[in-house]
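If you read the sequence from its start, that first residue is 1, and numbering goes on from there. Just so you know, ligand 1 is whichever comes first in the structure, and atom 1 is the first atom listed for that ligand. All values below come from the heavy atoms of this structure, side chains included, with hydrogens, waters and symmetry mates left out.
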Amino acid sequence: MKKISFLRAATGVVLCHFSALALALDPLSYARYDQVKTSDLHMDLKADFAKKTLSGYAVLSLEWIDKSARTLDLDTRDLSISKIEALGARGAWTRVPFTLDKLDTEKGQALHIALASQPAKVRIHYHTAPSASALQWLDPVQTMSGKRPFMFSQSESIDARSWVPVQDTPAVRFTYSARIDAPKGLRVVMSANNDAKSSGKGGWRFKMPQAIPSYLLAIGIGELEVRSLGPRTGVYAEPKRIEAAAYEFADTEKMVSAAESLYGPYRWGRYDMLVLPPSFPIGGMENPRLTFLTPTMIAGDRSLVDLIAHELAHSWSGNLVTNASWKHFWLNEGFTTYVTTRILESLYGPEVADMNLQVEQEEMMTSLASIAPAKQALLARGDDTSSEAYADEGIVYPKGAWLLRTLEQRAGRAVFDPFLRGWFDQHAFQSVTTEQFLDYLRKNLLAQHPAVMSEDELAEWIYGPGIPASAKHVASTRLAALDVKRTAWLKGELPTAQLGTKEWKAIEWMKFLNDIDGKASVAQLKDLDQAFGLGKTGNNEVAFRFYRAAINAGYRDIRAPLNAFLLSVGRQKFVVPLYTALRKNPEDKAWAEGVYKQARAHYHPLTQKSVDTQMAKK
Ligand SMILES: [Zn+2]
């Protein structure tokens, strides 16, 4: 690390870098981290399930950069702040004045703390709002046992500020510790060291010795059991789900080893997972040391564990080497999507990896039709910091991975694998920009192998819409055979019983259902439903695609299971497209509005926001 900054200083690059930083502060944060940076956070909080609040205080340790600065600006949203103190030179806390700006609907409220000097620490006494955007407070009926409440956080990308006053930007990293009080009978877990043997007496204590950005702050509280999966892997889940979870995740330890042999040591100590209730708004969240997972990935047959591979991959791409602002999101997600396929290939072989990759590429190509060309770039050109300047969230995953795959195929793995590992090693625990990656790519790969990619083609990948014409599409032979069957089945030439589905993996069902969407008739969907009970499959990726095809065909016999699905699953990836499909037809639209009225209270605030937006569209 030292070597790199020294080199930069010697070439004079460091000067440009600093002046650029002043201009390029994260537009989604109020923090002035060019003046002062948080180096450590301590939280002492009490969880009150009756009031649905966390209350207590946060202590921020500060590293002052600008010697003239006398203000600390933090990000907050819906926090009630009662008192702020600064630590004096003699170790005494003194009250300091502060102001909160008017609420900005996207960014929240800037908190300005006025300081007479540059204290080493400030202490902020506060409580969260029941509507805190990062937190979901579940009533006992929303859990499996129905006996005790549950609470969990989702801080990425800018929601940590709704439960802790922080410099809420991925450009700032800090270590953290916490003491959390929770009602008896509940266990508290965090994205830190979790002591599986602790009873929580005197408060649950945590320490996170590796510096992380704020979006990786995470907490979960509920009736939780823990099972060990291997020497450094384990799973936390509700008691009724723990057996199923332990079975589903049996390969986790092997995955960690596979990733290590590709990209170097796992640097976070333990890799545990927390299975949440079904209202968790996303598939998984790579909270360090404790990945948060949707229970909808427990299919009973280990068919959806690519999600674990994805979250685990973030231990390198994202958590270790982090996008400096959300504009560079593809450095987190595109890299992770690429690494996921590599882990799957190591564990399950190239045929499985190729099938997954082909479906990922096809789904991306289909999605292009509904995304404005300007939003299809990995990175918007120029200094535009409005939300228009952000790439479509969905596209950066497969497109970023496709770029890395292209480089890998052309350079060969003997060159590309050490190149990528070097990127992680040389930027470990740093926040990075696209320009830094391009710089690294030119110096460490393209300079030696110029034929791999021209500057023009590289620019097309980064700043252009869609996928360059030169890109190679994955063509799995096993999926090609499936295409032949599907075509014959759609034409009525192949009976449903002769599809040969017994040997199909979940990914083949997903591909089949993607390809009949909008083409199969009501009678054909009914046939499938009766033959395979797709409306009741335990695999939610398959169920989702079946419901979508059924809605688009007008096959309404699925309403009962679809209703149950929409009421119990709150994952945005599933529910938003299903409501969208339902709203296309007036008869389905009225039905969907009725379902949503009932379902809304069960959804996470982030899911509610997405569906509300969808429902408000004309
Ligand atoms: Zn991810």
Just checking, Lys207 and Tyr176: is the charged tip under 6.0 Å from the six-membered ring centre and within 45° of the axis?
no

With a 6.0 Å cut-off on ring centres, are [X] and [Y] close enough?
| X | Y | result |
| --- | --- | --- |
| Phe152 | Phe292 | no |
| Phe544 | Trp509 | no |
| Trp504 | Phe512 | yes |

Whether Glu541 and Arg548 form a salt bridge (side-chain N of Lys/Arg under 4.0 Å from carboxylate O of Asp/Glu) is what I want to check.
no

Show your reasoning for whether ring pair (Phe, Tyr, Trp, His ring centres under 6.0 Å) applies to Phe335 and His314.
CA-CA 9 Å; Phe335 278 59; His314 274 303; over 10 Å; no

Result, protein N, O or S atoms below 2.8 Å from the Zn ion (ligand 1), excl. waters, equals 4

